[in-house]
Structure formats: C-alpha cells, structure tokens
Engineer: 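The following block contains the structure, expressed as structure tokens.
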Amino acid sequence: MEKRHISQLISNSIRNKREEKGHAQEKFAMMAGIDRSYYGMIERGNYGLTVYKLLQIALALDEEPASLIPTLEELKQIAKDYPGLEEEL
C-alpha cells in the first residue's frame, strides 16, 4: 500500500461528508476557501493534505477533524493487510 492509498481513504471520507451535507463540490470548495480545481484533486486523492487544509475542510463541514481520518484501529488493520506500510509512511 502506498501513501496515496491513505490519502484516498481520507479523500473518500471528505467527499462522503460533503455529499451527506448536500454540498456541490464547487460550492463547497468556495466555502472552505480552497481553489475548486485543487479541492477536486484533494477529493480524488491526488494530493496529501496538510493539517491546515484538513482543518479548513473540517471547519467548512462543521465536523471534528478526527472524523475525517482513519482511526488508530483502522490504521492497524491496514498495516496488517499491507506489510511494509509503516516504512512507506
């Protein structure tokens, strides 16, 4: 598993929360103060998020930042499923 897979897990979580709240991607990017094309790349997992961007997104979603990232137990399971992951991170 590559770093990109972890980014994809977070991106999927962000997209799911945005869709649950009924926000269109372009409108939500504006709400979060992120360029719409850059935000689209975030949702596709093309960019690893900085903590700052994650916080911007969490604020715009009105969600706890921790709700957007895998839990420790999920990370442990991923690490079991993909030996060598810890070295990649």
Side-chain angles (χ1 to χ4, degrees):
M1 183 174 214
E2 299 174 1
K3 289 180 194 178
R4 187 172 190 285
H5 290 98
I6 298 292
S7 294
Q8 192 62 52
L9 289 173
I10 296 169
S11 297
N12 289 344
S13 176
I14 290 169
R15 183 176 49 257
N16 291 339
K17 296 276 186 187
R18 175 186 58 77
E19 289 174 348
E20 284 173 13
K21 297 192 181 255
H23 299 302
Q25 190 181 62
E26 187 172 343
K27 180 181 176 189
F28 182 75
M30 286 183 6
M31 290 170 54
I34 301 171
D35 177 78
R36 69 176 177 77
S37 61
Y38 182 77
Y39 181 78
M41 289 186 260
I42 289 171
E43 277 200 5
R44 288 189 298 279
N46 293 344
Y47 285 113
L49 285 173
T50 63
V51 171
Y52 181 76
K53 290 287 185 216
L54 183 67
L55 295 176
Q56 278 182 276
I57 291 167
L59 281 168
L61 286 169
D62 195 30
E63 292 281 340
E64 291 292 332
S67 73
L68 302 175
I69 60 174
T71 65
L72 178 58
E73 288 305 312
E74 290 169 329
L75 288 173
K76 286 179 181 179
Q77 186 59 49
I78 292 166
K80 268 192 224 178
D81 293 342
Y82 298 94
L85 174 64
E86 291 173 354
E87 289 82 29
E88 291 179 23
L89 297 175

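If you're wondering where the values come from, they're calculated on a predicted model, not measured in any experiment.
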Engineer: Starting at CE of M30, measure out to CD of Q25 and round the result to the nearest 0.5 Å.
Structural biologist: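 M30 CE to Q25 CD: 13.0 Å, rounded to 0.5 Å.
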
Engineer: Which heavy atom in A29 sits nearest to a heavy atom in R36, and how many Å separate them?
Structural biologist: CB-CA, 3.7 Å

Engineer: I34 and M41: same hydrophobic cluster, using ILVMFWY side-chain contacts below 4.5 Å?
Structural biologist: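 They do share one cluster, since a chain of ILVMFWY contacts under 4.5 Å joins I34 to M41.
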
Engineer: Nearest 0.5 Å, please: how far is CD in E26 from OG in S37?
Structural biologist: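 Between atom OG of S37 and atom CD of E26 there are 10.0 Å.
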
Engineer: Can you name the nearest heavy-atom pair linking A24 to R18, along with the distance?
Structural biologist: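 For A24 and R18, the tightest heavy-atom pair comes out as C-NH1, 3.6 Å.
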
Engineer: Quick check: is Y38 connected to I10 through a chain of hydrophobic side chains (ILVMFWY, heavy atoms under 4.5 Å apart)?
Structural biologist: yes

Engineer: Any chance you could lay out the side chain to side chain contact (heavy atoms under 4.5 Å, CB included) test for L68 and L49, step after step, and finish with the verdict?
Structural biologist: CA-CA 11 Å; L68 302 175; L49 285 173; over 6 Å; no

Engineer: Using the side-chain contact (heavy atoms from CB on, under 4.5 Å) criterion, which residues pair with N16? Sequence neighbours excluded.
Structural biologist: E19

Engineer: Using 0.5 Å steps for rounding, measure from the CD atom of E43 to the OG atom of S7.
Structural biologist: 13.5 Å

Engineer: Nearest 0.5 Å, please: how far is CD1 in I57 from CD in E63?
Structural biologist: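 Nearest 0.5 Å value for the CD-CD1 distance: 12.5 Å.
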
Engineer: So, taking the atom named CG in L59 and the one named CD in E64, what distance separates them when rounded to the nearest 0.5 Å?
Structural biologist: 10.0 Å

Engineer: I'd like to check the side-chain contact (heavy atoms from CB on, under 4.5 Å) partners of T50; sequence neighbours left out, ordered by chain and number.
Structural biologist: Y52, K53

Engineer: Could you tell me the separation between the NZ atom of K21 and the CE atom of M31, rounded to the nearest 0.5 Å?
Structural biologist: 9.0 Å

